[in-house]
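One structure is given here, and the rest of the page talks about it.
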Amino acid sequence: MGVLEGKVVLVTGAGRGIGREVAVLAAREGAQVVVNDLGGDVGGSGTDATPAQETVAMIGDAGGEAVVNGDSVADYEAAGRMVGQAVETFGRIDGVVNVAGILRDVIFHKMSEADWDAVISVHLKGSFNVARNAADHFRAQESGAMVHFTSTSGLIGNFGQANYAAAKMGIVGLSKSIALDMQRFNVRSNCMSPFAWTRMIETIPANTPQELERIEKLKTLQPAQIAPMVVYLLSDLASGVTGQIFASRRNEQFIFNQHRPARSVHRGEGWSPAAIHEHAMPSLKAAFSPLDRDGDVFYWDPV
């Protein structure tokens with residue numbers, strides 16, 4: 001008996017990379033899986049049913065059950081069709097995993113509105129679309145689990161990814177809100193921040209020896225190493241786990257802290273801009289967060 005025996009799971013972006021590995025492991029652990037993938041390129045253009053069909057074939061060859069869905073997560077009605085397909089094909093839906101994403105990296109002062117809208121639409125709106133369509137089913141059956149994919153580009157920071165970072169931090173807020181709003185219905189919502197070499201990571205520019213060295217280390221991180229935590233979060237084993245942010249990096253598992261007050265100052269007579277400069281800011285500076293990139297924080301080699 002696998003940890004997802006008897007459950008039905010929808011995985012978006014499951015035609016390649018991390019999404020595929022999550023779908024395959026979920027099926028291996030007993031789930032019936034809806035494999036969603038539009039089949040576009042990294043920038044979001046085009047469609048191709050082949051990647052999703054390949055994932056379904058892999059699951060079938062291993063004795064599992066899965067079906068293809070080629071709809072776009074950016075379309076609310078299409079997301080409804082994904083969820084509906086799970087219910088119509090397998091009789092219910094128990095989990096959703098929001099992996100689908102695109103990249104349109106560009107330095108902020110050169111970023112176009114189209115670059116911004118496309119990334120926000122797939123990542124943030126797409127996560128909402130799928131989660132919201134699943135929510136009614138979860139509420140009615142008083143059970144369900146959601147795993148949304150965030151990124152250290154948002155949690156920590158990176159160059160040239162304002163659209164992606166904003167979307168990924170938005171997903172953190174979305175997941176926490178779902179966890180709060182739906183806990184009364186026994187519905188859980190968590191975030192995963194993955195470290196893995198995928199076609200999206202292949203687009204990272206490397207112009208210095210240090211950056212090239214980091215890229216070579218990233219190539220050793222396999223998408224399959226992300227799947228166990230995701231499948232665990234979908235399972236009943238994680239019944240008390242909700243509203244959290246996790247990360248997997250090779251054989252390491254992390255939990256991220258969440259925003260809380262770090263330091264405060266008080267002035268009984270109130271504040272003026274000058275008083276803030278003279279008295280508040282010298283104290284508050286001790287708690288400033290540095291302008292780190294994710295590589296500055298995760299500075300040690302994967303274990």
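Inspection of the N69 and Q85 side chains reveals an N or O donor paired with an N or O acceptor under 3.5 Å. Between the side chains of D294 and T152, a donor-acceptor pair is found at a separation under 3.5 Å. Residues E142 and N186 have side chains that never bring a donor and an acceptor to within less than 3.5 angstrom of each other.
Tested against L233 for a side-chain contact (heavy atoms from CB on, under 4.5 Å), the candidates T242, V97, V241 yield a single pass: V241.
Its side chain within the 4.5 Å cluster rule, M281 clusters with V265, W271, I276, L284, F288 among the Ile, Leu, Val, Met, Phe, Trp and Tyr residues. Clustering of Ile, Leu, Val, Met, Phe, Trp and Tyr by side-chain heavy atoms under 4.5 Å joins L291 with none of the others.
In terms of the side-chain hydrogen bond (donor to acceptor under 3.5 Å, both in side chains) criterion, residue partners of T55 (sequence neighbours excluded) are, by chain and number, R20. Residues satisfying the salt bridge (charged side-chain N to carboxylate O under 4.0 Å, His left out) test with D136, not counting sequence neighbours, are R132.
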One pair to check against side-chain contact (heavy atoms from CB on, under 4.5 Å): H137 and V83. What are the steps and the verdict?
CA-CA 9 Å; H137 295 276; V83 173; 3.5 Å; yes
List the steps and the verdict of side-chain contact (heavy atoms from CB on, under 4.5 Å) for K7 and D236.
CA-CA 10 Å; K7 294 190 181 297; D236 291 340; 3.2 Å; yes
Please step through side-chain contact (heavy atoms from CB on, under 4.5 Å) for the pair Y76 and N133, ending with a clear verdict.
CA-CA 8 Å; Y76 185 82; N133 276 287; 3.6 Å; yes
side-chain contact (heavy atoms from CB on, under 4.5 Å) between L103 and Q161, intermediate numbers included
CA-CA 8 Å; L103 283 179; Q161 292 192 312; 3.8 Å; yes
Could you tabulate the donor-acceptor pairs under 3.5 Å formed by side-chain atoms of residues 24-35, not counting sequence neighbours?
| residue | atom | partner | partner atom | Å |
| --- | --- | --- | --- | --- |
| E29 | OE1 | V3 | N | 2.9 |
| Q32 | NE2 | E65 | OE1 | 3.4 |
| Q32 | NE2 | E65 | OE2 | 3.2 |

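The side-chain tip of R104 does not point at the ring of W116 from less than 6.0 angstrom away and within 45° of straight on.
A heavy-atom distance below 4.5 Å is not found between the side chains of F246 and V230. Considering only heavy atoms from C-beta on, R250 stays 4.5 Å or farther from V303 through its side chain. The shortest distance between side-chain heavy atoms of M182 and S189 does not fall below 4.5 Å.
In this pair, F254 and F195 present their aromatic rings tilted. The plane angle is within the 30 to 60° band.
Residue pairs meeting the salt bridge (charged side-chain N to carboxylate O under 4.0 Å, His left out) criterion with at least one partner in residues 165-188, sequence neighbours excluded, do not occur; the list is empty.
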